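Quick one: the structure is below, and I'll ask about it shortly.
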Protein chains: 2
Amino acid sequence: MKVAFLQTSPLFGKVRENVEKAVRRLNSIDAELVVLPELFSTGYQFRSKKEALGLSEDVTAGYATSRLIEAAKAGKMHIVAGIAERAGGRVYNSSVLVGPRGVVGVYRKAHLFWNEKKIFARGDTPLKVYNIGKARVGMMICFDWIFPEVARTLALKGADIICQPSNLVLPFCPQAMITRSIENRVFSITANRVGVERRVKGRALEFIGSSQIVSPAGTVIRRAGGRREEAGAADIEPRDARDKHITPLNHIMKDRRVDIFEL
Amino acid sequence: MKVAFLQTSPLFGKVRENVEKAVRRLNSIDAELVVLPELFSTGYQFRSKKEALGLSEDVTAGYATSRLIEAAKAGKMHIVAGIAERAGGRVYNSSVLVGPRGVVGVYRKAHLFWNEKKIFARGDTPLKVYNIGKARVGMMICFDWIFPEVARTLALKGADIICQPSNLVLPFCPQAMITRSIENRVFSITANRVGVERRVKGRALEFIGSSQIVSPAGTVIRRAGGRREEAGAADIEPRDARDKHITPLNHIMKDRRVDIFEL
């Protein structure tokens, strides 16, 4: 199964430009599953809830999702992408999974980072795994990485591949996602953005890129650089994620001593 | 507070030699908490339960523990060390915490790696945190690292410092322990061994060293090399582990969305 990340550099507020640029690149990627960054269509640093509301969109009828579905149809692929989702007067930092036949699933970010708490509503969706034919796919978003329970829960629910749209600024996540892959024996695909975004309250954010595809054994199959837009693809065997043995005598899930764990 | 690891190279089966060498080095270390490797007194590759039973010892009356307590008295320190513990006719892969006044606590390894399952009994102690005055200390052993729930449980129980006696052969743990420190905002001290041990069933094991001290922010304060016996010390402020904020708006423990986590 061919999977890929598409590392982009969204322009803040330019939804149509960002979406069309991404769609053009999607049309040239030969893969069955492609992951885009968090908030790929809007950019990241909203000044207010009102601004976010204005740039957000409904998942089923929105511009970004509609165009992604068209790209999925054309490319016979599934796409995971982060958008600002409007629902019931609120805005969620969401990840959508779309395929040729439409929206497959939506995950609303559970762990909001820093000022996101002032903009977005807290995610109210479960951590869920979707069967897209060749693989079972779970979604998490950016800062969710710091909570090992997120990837663990997705793995316990049967994910072969964890897709992680991101807007990373701290340097720790790419390495931590290797650990997430190893400890759950799953593939992980992190799609991060690059570029520097406008100042909000004196703070300009520089995103670190370094999008990557990691195997269940912890091998970084592909990793992007830190500065440029780029796509990275790999041919993987999703079933590798279903053998949870790290040694013939160690099954990473069955070995878990839940009798002494606290949650 | 001064903390340290002592990276050693035990000779298999030479308990007195291994213990005396470690005690000599302990006497020269200026620290209030020192962590030694897993099975520091016996070596690692037992051929049988019987052999392990012969080399194991009772925690309260054993040679290794008694000598460590003497060293703790002399150095006014606490010591965490891995031993083969005999109890009720069984052998556990254990970690002891001793201080100037004797044994403070024992942890019996919960997650046995590969052939350890044929030698040791499965740990039957809880994950526990001990107050040693200047810090609250938790213990885990080697392969426990791959289960994020272990460090998480110790952190939830209030550990400032996680001590990890190890006999690492795989390359992933030092990096993963950085993630463990970040995701729990705790200090971690990994004491690994070096050297190559005798062949058992054709397999000689080479241990990777790389003992380290990591801060709650994920900084590797000290890291040893991969080939030589060495001690590494650092001056730390255990209270840094009690502020669980990674940003002013993100408390790494309170942010946890346990409502959507599975254990």
Side-chain angles (χ1 to χ4, degrees), chain A residues 107-118 122-128 140 143-157 170-173 175-185 217-219 245-250 252-253 255-263, chain B residues 107-118 122-128 143-157 169-173 175-185 217-219 245-250 252-253 255-263:
Chain A
Y107 164 68
R108 295 170 173 169
K109 192 175 185 180
H111 300 95
L112 297 169
F113 183 69
W114 210 329
N115 289 323
E116 293 173 27
K117 290 191 177 187
K118 298 176 184 168
R122 205 173 78 134
D124 54 1
T125 48
L127 293 161
K128 212 171 152 183
M140 57 189 252
F143 187 54
D144 283 329
W145 72 264
I146 210 169
F147 303 90
E149 296 91 345
V150 176
R152 178 64 103 206
T153 298
L154 289 170
L156 286 170
K157 290 185 172 180
L170 300 177
F172 306 111
C173 175
Q175 199 60 50
M177 286 307 291
I178 299 174
T179 299
R180 298 287 172 256
S181 273
I182 293 172
E183 70 200 13
N184 294 296
R185 293 192 77 74
T219 304
H245 287 92
I246 190 165
T247 77
L249 298 183
N250 290 105
I252 222 77
M253 293 302 176
D255 275 4
R256 295 166 68 235
R257 289 288 305 277
V258 290
D259 58 311
I260 59 167
F261 295 163
E262 272 192 20
L263 184 61
Chain B
Y107 164 68
R108 294 170 174 168
K109 192 174 185 178
H111 301 95
L112 297 169
F113 183 70
W114 211 329
N115 289 323
E116 293 173 28
K117 290 193 176 186
K118 299 176 182 167
R122 206 173 77 134
D124 55 0
T125 49
L127 293 161
K128 211 172 153 184
F143 186 55
D144 282 330
W145 71 264
I146 210 169
F147 304 89
E149 296 91 346
V150 176
R152 179 64 104 206
T153 298
L154 290 170
L156 286 170
K157 290 185 172 181
V169 287
L170 300 176
F172 306 110
C173 176
Q175 199 61 48
M177 286 306 292
I178 299 175
T179 299
R180 298 286 173 256
S181 273
I182 293 172
E183 69 200 15
N184 293 296
R185 293 192 77 74
T219 305
H245 286 94
I246 190 165
T247 77
L249 298 184
N250 290 104
I252 221 74
M253 293 302 177
D255 275 4
R256 293 166 68 236
R257 289 288 305 276
V258 290
D259 58 310
I260 58 167
F261 295 164
E262 273 191 19
L263 184 61

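The basis for the numbers below is simple: all heavy atoms, side chains too, and nothing from hydrogens, waters or symmetry mates. Only a predicted model underlies this, so the values are computations on that prediction, with no experimental measurement involved.
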Practice prompt. For atom NZ of A:Lys128, decide whether the heavy atoms of other residues, nucleotides or ligands shown that lie under 6.0 angstrom number more than 12.
Written response: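 Counting other residues, nucleotides and ligands, NZ of A:Lys128 stays at 12 neighbours or fewer.
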
Discussion item. So does A:Gly123 get a backbone contact from the side chain of B:Arg257, meaning a donor-acceptor N/O pair under 3.5 Å?
Written reply: yes

Worksheet item: Which bit of B:Phe143 is near chain A, if near means a heavy-atom gap under 4.5 Å: side chain, backbone, both or neither?
Response: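 Just the side chain, heavy atoms under 4.5 Å.
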
Practice prompt. Flag the one option from A:Arg180, A:Arg122, A:Lys157, A:Glu116 with the top tally of heavy-atom pairs under 4.5 Å to chain B.
Written response: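 Greatest number of close heavy-atom pairs with chain B: A:Arg122.
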
Fill in: Check: A:His245 main-chain N/O paired with A:Arg185 side-chain donor or acceptor under 3.5 Å
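Confirmed, A:Arg185 side chain pairs with A:His245 backbone.
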
Worksheet item: chain B heavy atoms under 4.5 Å from A:Asp144: which part of the residue, side chain, backbone, both or neither?
Response: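 Contact with chain B involves no heavy atom of A:Asp144 at all.
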
Worksheet entry | Main-chain N/O of A:Phe147 paired to B:Arg256 side chain as donor or acceptor, under 3.5 Å |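 No: the side chain of B:Arg256 does not pair with the backbone of A:Phe147.
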
Worksheet entry | Under 4.5 Å from a heavy atom of chain A, the part of B:Ile178 involved | neither

Worksheet item: With only heavy atoms counted, which part of B:Asn184 is less than 4.5 Å from chain A, the side chain, the backbone, both or neither?
Response: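 Neither part, no heavy atoms under 4.5 Å.
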
Worksheet item: Using non-hydrogen atoms only, which part of B:Ala217 is less than 4.5 Å away from chain A: side chain, backbone, both, or neither?
Response: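 Just the backbone, heavy atoms under 4.5 Å.
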
Worksheet entry | Which portion of B:Arg152 sits near chain A, non-hydrogen atoms under 4.5 angstrom | side chain

Worksheet item: What option among B:Trp145, B:Phe113, B:Trp114 has the most heavy-atom pairs under 4.5 Å with chain A?
Response: B:Trp114

Practice prompt. Taking A:Thr125 for its side chain and A:Arg108 for its backbone only, find out whether a donor-acceptor pair lies under 3.5 Å.
Written response: yes

Response to the item:
Ranking B:Val258, B:Val150, B:Asp259, B:Ile252 by heavy-atom pairs under 4.5 Å to chain A gives rank one to B:Ile252

Worksheet item: Roughly how far, to the nearest 0.5 Å, is CD1 of B:Ile246 from CE of B:Met253?
Response: 11.5 Å

Discussion item. Under a 4.5 Å cutoff for heavy-atom pairs, which residue among B:Asn250, B:Leu112, B:Leu170, B:Ile260 has the most contacts with chain A?
Written reply: B:Asn250

Worksheet item: Would a distance-only check, ignoring hydrogens and angles, find a side-chain to backbone donor-acceptor pair under 3.5 Å from A:Thr153 to B:Phe261?
Response: no

